[in-house]
Amino acid sequence: MELRQLHYLIAIADEGNLGRAAARLYVSQPSLSYALRNLESELGLRLFDRHSGGVSATAAGLDVVAEARRTVVQAERITAAADRHRRGESGVLRVGFEASGAGELTTRARAEFARRLPGVRVEPKRFDWGQEADALRDGRVDVAFVWLPADLTGLHAETVHSEPRIVGLPLGHRLAGREGISVLEVNDEPLMWTERAPRAWVDWWAVNPRPDGSTPRWGPTNDNVEEMLEQVAQGAAICFAPASMARYYARPDLAWVPLTDVEPLRVALAWPEGTANPLTHGFADVVRELAS
């Protein structure tokens with residue numbers, strides 16, 4: 001039995017007339033009559049009674065036509081599912097980011113993308129210091145918000161966001177109440193850093209060298225943002241971070257103060273060069289719209 005035959009049955013039942021059903025199906029009436037006789041022979045049942053006004057479904061025909069309708073609907077759902085995947089409207093999109101990512105743009109982009117394509121599951125994947133680009137190259141994510149500077153070899157990247165940098169201090173610190181701080185004012189403060197990120201990334205975040213040519217006073221190391229903030233809160237060191245971290249990692253034992261004389265963080269949206277994943281390109285379109 002073929003799907004085409006089920007469409008024939010439905011049309012005949014709907015029209016109650018082989019001539020009208022044939023016209024609806026764009027086939028000749030003799031061809032449709034022949035197809036119906038073959039199907040009835042195959043099933044071993046009479047599906048329609050013929051009379052002068054056309055045809056009427058038998059009791060068996062009513063049951064068979066009802067199942068035919070359900071089968072055709074299910075077949076259309078299969079085709080629709082395939083179409084959604086072909087157009088990039090179904091599947092899973094893995095979005096990488098670090099700490100606060102691109103601030104509110106990260107959350108807004110994921111939400112808007114999910115609204116436009118409700119059949120796609122967006123999986124956020126958080127990475128520690130400077131690891132987003134490697135995750136893209138390793139295939140662990142499809143697209144990522146990458147903190148610059150970063151090694152973008154093999155990646156397509158577009159800068160989509162920038163934000164000021166701030167200094168994180170323990171709540172009782174002497175500079176905690178300031179409206180702004182020069183990086184030179186914290187030259188003597190131990191600064192949190194990590195051995196897990198590339199050295200160029202560490203030096204950029206530490207502002208090394210400083211505007212006066214000095215080097216930071218290196219403090220304890222950390223492997224992730226939670227460890228960094230815990231040590232800052234304990235008074236072991238200070239840290240530099242993007243402004244959005246003050247909102248996304250608010251703690252009652254920390255104070256955040258703007259750094260007044262350092263360049264802002266720039267964030268790129270990146271994905272592997274040459275990717276044909278329509279979900280990746282669709283997400284990039286959403287981010288561009290929201291960032292413009």
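Note on E98 versus R196: no salt bridge recorded, every NZ/NE/NH1/NH2 to OD/OE distance being 4.0 Å or above. Using a 4.0 Å cut-off between a side-chain N of Lys or Arg and a carboxylate O of Asp or Glu, R70 and E67 qualify as a salt bridge.
Checked against the 6.0 Å centroid criterion, the rings of W129 and W205 do not qualify as a close aromatic pair.
V122 and L105 end up in the same hydrophobic cluster when Ile, Leu, Val, Met, Phe, Trp and Tyr side chains are linked at under 4.5 Å. L45 and L6 fall within a single hydrophobic cluster, where Ile, Leu, Val, Met, Phe, Trp and Tyr side chains are chained together by heavy-atom contacts under 4.5 Å. Residues V55 and L39 fall within the same hydrophobic cluster, defined by Ile, Leu, Val, Met, Phe, Trp and Tyr side chains chained together at heavy-atom separations under 4.5 Å. Tracing side-chain contacts under 4.5 Å through hydrophobic residues (I, L, V, M, F, W, Y), one never reaches F127 starting from M245; they form parts of separate clusters. Taking hydrophobic clusters as Ile, Leu, Val, Met, Phe, Trp and Tyr residues chained together by side-chain heavy-atom distances below 4.5 Å, V146 does not share a cluster with W271.
Here H7 contributes atom NE2 and E2 contributes atom CD; the two are 11.5 Å apart, rounded to the nearest 0.5 Å. Interatomic distance, CG of D142 versus OG1 of T280, reported as 4.5 Å (0.5 Å rounding). From E227, atom CD reaches atom OG1 of T221 across 8.0 Å, with rounding to the nearest 0.5 Å. Atom CG of L9 sits about 10.5 Å away from atom CG of D14, to the nearest 0.5 Å. Going from atom NE2 of H51 over to atom CG of N17 covers 9.0 Å, rounded to the nearest 0.5 Å. Between the CD atom of Q231 and the CE atom of M192 there is a distance of 4.0 Å, given to the nearest 0.5 Å.
Inter-residue side-chain proximity for V167 and L175 is flagged as unmet; no heavy-atom pair is nearer than 4.5 Å. Considering only heavy atoms from C-beta on, F97 comes within 4.5 Å of R110 through its side chain. For the pair D128/V225, no side-chain contact is recorded, criterion being any heavy-atom separation below 4.5 Å from C-beta on. Residues L171 and P252 form no side-chain contact, since every pair of their non-hydrogen atoms from C-beta on lies 4.5 Å or further apart. Counting only heavy atoms from C-beta outward, the side chains of L25 and R4 never approach each other to under 4.5 Å. Between E163 and P264 the shortest side-chain heavy-atom distance does not fall below 4.5 Å. Using a 4.5 Å heavy-atom threshold, the side chains of F240 and L259 count as touching. Side chains of P242 and W147 form a contact here, defined as non-hydrogen atoms less than 4.5 Å apart.
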Test side chain to side chain contact (heavy atoms under 4.5 Å, CB included) applied to V64 and E40, step by step: CA-CA 11 Å; V64 170; E40 289 179 323; over 6 Å; no
Quiz prompt | Residues E195, V202; criterion side chain to side chain contact (heavy atoms under 4.5 Å, CB included); working and verdict | solution = CA-CA 8 Å; E195 296 176 309; V202 172; over 6 Å; no
Test salt bridge (charged side-chain N to carboxylate O under 4.0 Å, His left out) on D212 and R210 and set out the steps. CA-CA 5 Å; D212 62 356; R210 300 285 165 81; over 6 Å; no
_Test log, rule salt bridge (charged side-chain N to carboxylate O under 4.0 Å, His left out), inputs E185 and R174_ = CA-CA 11 Å; E185 294 183 82; R174 61 184 176 84; over 6 Å; no
Q. Would E226 and R251 satisfy salt bridge (charged side-chain N to carboxylate O under 4.0 Å, His left out), going step by step from the backbone distance to the final call?
A. CA-CA 11 Å; E226 290 81 10; R251 293 178 50 143; over 6 Å; no
**OP:** Quick one: do L191 and I238 satisfy side chain to side chain contact (heavy atoms under 4.5 Å, CB included)? Show the steps, please.
**Re:** CA-CA 5 Å; L191 180 68; I238 65 170; 3.9 Å; yes
Open item on the list: The test is side chain to side chain contact (heavy atoms under 4.5 Å, CB included); show your working for V141 and V95 and say whether it passes.
Closed with: CA-CA 6 Å; V141 291; V95 180; over 6 Å; no
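S182 and D261 share a donor-acceptor pair across their side chains, judged by distance under 3.5 Å alone. The closest side-chain donor-acceptor pair between T153 and D151 falls under 3.5 angstrom.
Of all the heavy atoms in L229 and C239, the pair that sits closest is CD2-SG, 4.3 Å. L155 and A133 make their closest contact through CD1-CB, 3.9 Å (heavy atoms, listed as atom of the first residue, atom of the second, distance). Here the closest non-hydrogen pair linking A236 and P190 is O-CG, 3.6 Å. Closest approach of S100 to S244, counting heavy atoms only: OG-OG, 2.7 Å. Contact record, L184 with P211: CD2-CD, 3.9 Å, taken as the closest heavy-atom pair. Taking all atoms of both residues into account, the shortest heavy-atom contact from W201 to P149 is CD1-O, 3.2 Å.
Although no hydrogens or angles enter the test, the distance criterion places a donor-acceptor pair under 3.5 Å between the side chain of T194 and the main chain of N222. Side chain of R94 to backbone of G139: a donor-acceptor contact under 3.5 angstrom is found. In this structure a side-chain-to-backbone donor-acceptor pair under 3.5 Å is present from S292 to E289. Side-chain atoms of Y248 come within 3.5 Å of backbone atoms of G103 as a donor-acceptor pair (strictly under, hydrogens ignored). A donor-acceptor pair is defined here as one N or O able to donate and one able to accept, closer than 3.5 Å; no such pair exists between the side chain of S41 and the backbone of R37. T58 places a side-chain N or O within 3.5 Å of a backbone atom of G61 that can act as its donor or acceptor partner.
Relative to the six-membered ring of W218, R199 meets both conditions, a distance below 6.0 Å and an angle of at most 45° to the axis. In this structure, R165 satisfies the cation-pi test against W204, with its NZ or CZ atom closer than 6.0 Å to the six-membered ring centre and inside 45 degrees of the ring normal.
Residue D138 places its CG atom among more than 12 non-hydrogen atoms of other residues, nucleotides or ligands, all under 6.0 Å distant. No more than 12 heavy-atom neighbours from other residues, nucleotides or ligands sit within 6.0 angstrom of CZ on R266. In E179, the CD atom is not crowded: 12 or fewer heavy atoms of neighbouring residues, nucleotides or ligands sit closer than 6.0 Å.
By the 30° and 60° cut-offs, the orientation of the rings of F283 relative to F145 is perpendicular.
With respect to L169, the side-chain contact (heavy atoms from CB on, under 4.5 Å) criterion is satisfied by exactly one of I181, L254, V232: I181.
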